[in-house]
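To start, the structure under review is shown below, and the notes come after it.
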Amino acid sequence: MTNYTWTISSLETAPQEGQLIDVVKIVHWRYKGVDGDYSAEVYSSYACGEPSSTDFTAYPDLTEADVISWLEAGLDVDSLKANIDSQIADQKNPNIVTGK
C-alpha cells in the first residue's frame with residue numbers, strides 16, 4: 001500500500017495586491033509516494049487563483065495545512081497518485097533491464 005505525502009518546496013508571493021498584503025501567487029510542491037522499498041514523486045508548481053478579500057490569509061499566517069488544502073482542491077490528486085503508482089510499478093517490474 002502506497003503512502004502519499006505533500007512537501008511544500010517554496011511559495012512565491014506578491015508584496016501587495018489591491019488592499020491585500022503578502023499574497024501567495026505560486027506554490028512549488030512535491031507529492032511523494034512510498035510503497036515499501038520503492039518510492040516516486042511528482043514535482044510541479046501551482047498558480048493560485050485570485051485571492052478573496054473575505055477569505056484571505058497572508059503569507060506569514062499560512063499553515064502547511066492551508067496550502068495543502070489549496071493543492072488538493074485545485075489539482076487532480078487521483079491523477080497524481082496514478083502517476084506515482086505507475087512509476088513505482090515500473091521500479092518493481094522494469095520493462096528494460098540493463099547489464100545482462
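Worth saying up front: this structure is predicted, and the values here are computed from it rather than measured.
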Minimum heavy-atom separation for Val23 to Pro51, with atom names?
CG1-CG, 3.7 Å
What are the two closest heavy atoms between Glu41 and Lys32, and how far apart are they?
CB-CA, 3.8 Å
Can Leu11 be reached from Ile68 by stepping across I, L, V, M, F, W or Y side chains whose heavy atoms are under 4.5 Å apart?
yes
Not counting sequence neighbours, list each pair that qualifies as a ring-ring contact (aromatic ring centres under 6.0 Å, His included) and has a residue in residues 7-56.
Tyr4-Tyr31, Trp6-Trp29, Trp6-Tyr31
Which value, rounded to the nearest 0.5 Å, describes the distance between Asp37 atom CG and Lys92 atom NZ?
9.5 Å
Measure across Cys48 and Val24 and return the closest heavy-atom pair with its distance rounded to 0.1 Å.
CB-O, 3.7 Å
I'd like to know whether Arg30 forms a side-chain contact (heavy atoms from CB on, under 4.5 Å) with Ser9, so could you lay out the CA-CA distance, the side-chain angles of the two residues, the decisive distance to 0.1 Å, and finally the verdict.
CA-CA 7 Å; Arg30 294 180 186 276; Ser9 302; 3.8 Å; yes
Donor-acceptor side-chain pairing of Thr63 and Asp66 below 3.5 angstrom
yes
Indicate yes or no for a side-chain donor-acceptor contact from Gln16 to the backbone of Gly18 under 3.5 Å, with no hydrogens or angles considered.
yes
Which heavy atom of Met1 sits nearest to which heavy atom of Asp35, and what is that distance?
N-OD1, 3.6 Å
Are Val67 and Val77 connected in a single hydrophobic cluster, I mean Ile/Leu/Val/Met/Phe/Trp/Tyr linked by side-chain heavy atoms less than 4.5 Å apart?
yes
Please report the interatomic distance CG(Leu20) to OG1(Thr13), rounded to the nearest 0.5 Å.
12.5 Å
Lys25: salt bridge (charged side-chain N to carboxylate O under 4.0 Å, His left out) partners, not counting sequence neighbours
Glu17
Find out whether Val27 and Ser45 are in side-chain contact, i.e. whether some heavy atom of one side chain is under 4.5 Å from a heavy atom of the other.
no
What is the minimum heavy-atom distance between Ser39 and Gln91, and which atoms define it?
O-NE2, 2.8 Å
Nearest heavy-atom pair of Ile88 and Ala40: which atoms, and what distance?
CG1-CB, 3.9 Å
I need the Ser44 OG to Leu80 CG distance, nearest 0.5 Å.
8.5 Å
How far does CG of Asp85 sit from CG of Asp78, to the nearest 0.5 angstrom?
10.5 Å
